[in-house]
Amino acid sequence: MEASEREAAILDVLRRAAPCAVSGEELAEALRVSRVAVGKRIGVLRERGYVIEAQAGQGYRLLETPDAPLPAEVSPLLASDCWRLTGGGTTGSTNDDAKALARAGTSHGTVILASEQTGGRGRLGREWASPAGGVYLSAVLRPRLSPAELGPLPLVAGIAVTRAVSALGYGEARLKWPNDVFCTDGRKLAGILIESAAESDLVSWAVIGIGINVRSAAASDAALAACHLEALTGTSAPVRLPAVAAATLDALDAAYREFASAGFDGALRDEYESRAWLTGEHVTVRDATGVTRVAGRVAGVDETGRLVVQTAEGRTAVAAGEVTLRRTTG
Ligand code: BT5
């Protein structure tokens, strides 16, 4: 048994027993290790934020679990059984970690979690502010699709985030094509970054990175026009970060399965349209160098996830790729 498995096993026993205590001897027996080894793992868990009381003659009692997207906290909340979780602390970028694992051959369903990122990335080399108080995760998928068929994936991931927001009881978030999740006041709640690699016209892996602002600290940079989940609750009930991560991963599994089996054109496209922000509004789509590709009114998204813009000359569809979208006055 690896150290992380021992910690998970200790937590499992303590969680089942709570609010009662479990003796060091019982834990040692359950794990088939020495009491000293149990003490060491308890020490590591405390460092991670678990409050574990030790009372002479009674043993260990779990009083508090950390409010962080740690695998040991997220796993028990998952309904889906397709994800294998790692990480949970501070990292550079979960997308970079997931890409490294994907290149090394990790299987479909590997997820990197983080409570903070020091080099969080958006699209086109932009930064994703990732202080503590947000949920940052990247999932490795191995779709049996061609690169062109991946077009709707950012939209599918966006749908998953809005479903998670609703499932957690925080109402309806909106989707801004291609990859942004907005609060109804037009500030950004979450971002999605999809990276992939292909060989012989078949996708070898795709990484879906999702960052969600949960606490005000995650959205505190005024320059970002960001919002956070906790502001949407309308109650003083705290939003637990493991619950947000689990709801997001469950929703991502469900939405991805729908996409893989039935495609985007149909129920998913209708759902996207029903939550789309900017439909009917005048927008300008620019490429990475700032050159305007198209300007006109948003008519919707097509069956491959492209944005359909109505211009004076007719309708044009734009693929997500390297473009940005701004609301403008027509
Ligand atoms: C995105 O890019 O929205 C994709 C963000 C993906 C972040 C996740 S976190 C887990 C995984 N690991 C990573 O390294 N990345 C992924 P884009 O559409 O390019 O938007 C970036 C822009 O959003 C920035 O230029 C800012 O204007 C704004 N922004 C940055 N941080 C933000 C935040 N925390 N909340 C709201 N807006 C933010």
Side-chain angles (χ1 to χ4, degrees), residues 68-69 74 83 85-102 110-141 153-158 160-162 164-165 173-183 185-196 205-232 241 244-245 248-249 252 277-278 283 285-288 290 307 318 320-327:
V74 179
W83 304 120
L85 313 183
T86 57
T90 301
T91 190
S93 153
T94 55
N95 259 44
D96 291 347
D97 297 344
K99 277 162 60 178
L101 289 178
T110 299
V111 172
I112 315 285
L113 296 160
S115 43
E116 256 179 279
Q117 294 183 120
T118 51
R121 294 187 290 109
R123 296 185 310 138
L124 309 168
R126 289 185 290 229
E127 209 183 298
W128 184 255
S130 314
V135 165
Y136 312 103
L137 61 86
S138 299
V140 178
L141 306 179
L153 201 55
L155 289 69
V156 172
V161 175
T162 62
V165 170
R174 317 291 305 196
L175 291 163
K176 180 188 163 207
W177 186 90
N179 67 322
D180 288 342
V181 184
F182 274 69
C183 296
D185 66 0
R187 289 180 301 152
K188 188 158 165 176
L189 175 69
I192 292 157
L193 175 64
I194 301 203
E195 296 178 280
S196 62
W205 52 261
V207 165
I208 301 188
I210 300 177
I212 305 176
N213 303 323
V214 180
R215 311 227 175 292
S216 58
S220 56
D221 185 341
L224 292 180
C227 64
H228 60 285
L229 258 192
E230 220 165 45
L232 302 179
L241 297 174
V244 175
T248 305
L249 287 168
L252 185 61
W277 200 54
L278 297 184
V283 298
V285 181
R286 294 198 168 88
D287 69 16
L307 184 78
V318 201
E322 309 278 277
V323 294
T324 56
L325 173 69
R326 290 256 182 287
R327 177 156 52 177

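Whatever order the structure lists them in is the order used to number ligands and atoms, beginning at 1. Note that these values count all heavy atoms, side chains included, but never hydrogens, waters or copies made by symmetry. The residues of the chain are indexed from 1 along the displayed sequence.
Judged as a salt bridge (charged side-chain N to carboxylate O under 4.0 Å, His left out), and not counting sequence neighbours, the contacts of D185 are R187. Residues that satisfy the salt bridge (charged side-chain N to carboxylate O under 4.0 Å, His left out) test with D96, not counting sequence neighbours, are R121.
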Please output the side-chain donor-acceptor pairs of residues 128-138 that fall under 3.5 Å, not counting sequence neighbours, one pair per line with the distance.
| residue | atom | partner | partner atom | Å |
| --- | --- | --- | --- | --- |
| S130 | OG | Q117 | NE2 | 3.0 |
| S130 | OG | W128 | O | 2.7 |
| Y136 | OH | P131 | O | 2.7 |
| S138 | OG | T94 | O | 3.4 |
| S138 | OG | T94 | OG1 | 2.7 |
| S138 | OG | N95 | N | 3.1 |
| S138 | OG | N95 | OD1 | 2.6 |

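With a 4.5 Å cut-off on side-chain heavy atoms, T91 and T118 do not count as touching.
Under the 3.5 Å distance criterion, the side-chain polar atoms of K176 are left unmatched by any main-chain donor or acceptor of K188.
For ligand 1, the protein residues placed under 4.0 Å by at least one non-hydrogen atom are S93, T94, N95, Q117, G120, R121, G122, R123, R126, E127, W128, A129, Y136, L137, S138, N179, D180, K188, G191, I192, L193, G209, I210, G211, N213, A218, L224, A226.
Between L278 atom CG and R174 atom CZ the span is 9.5 Å, to the nearest 0.5 Å.
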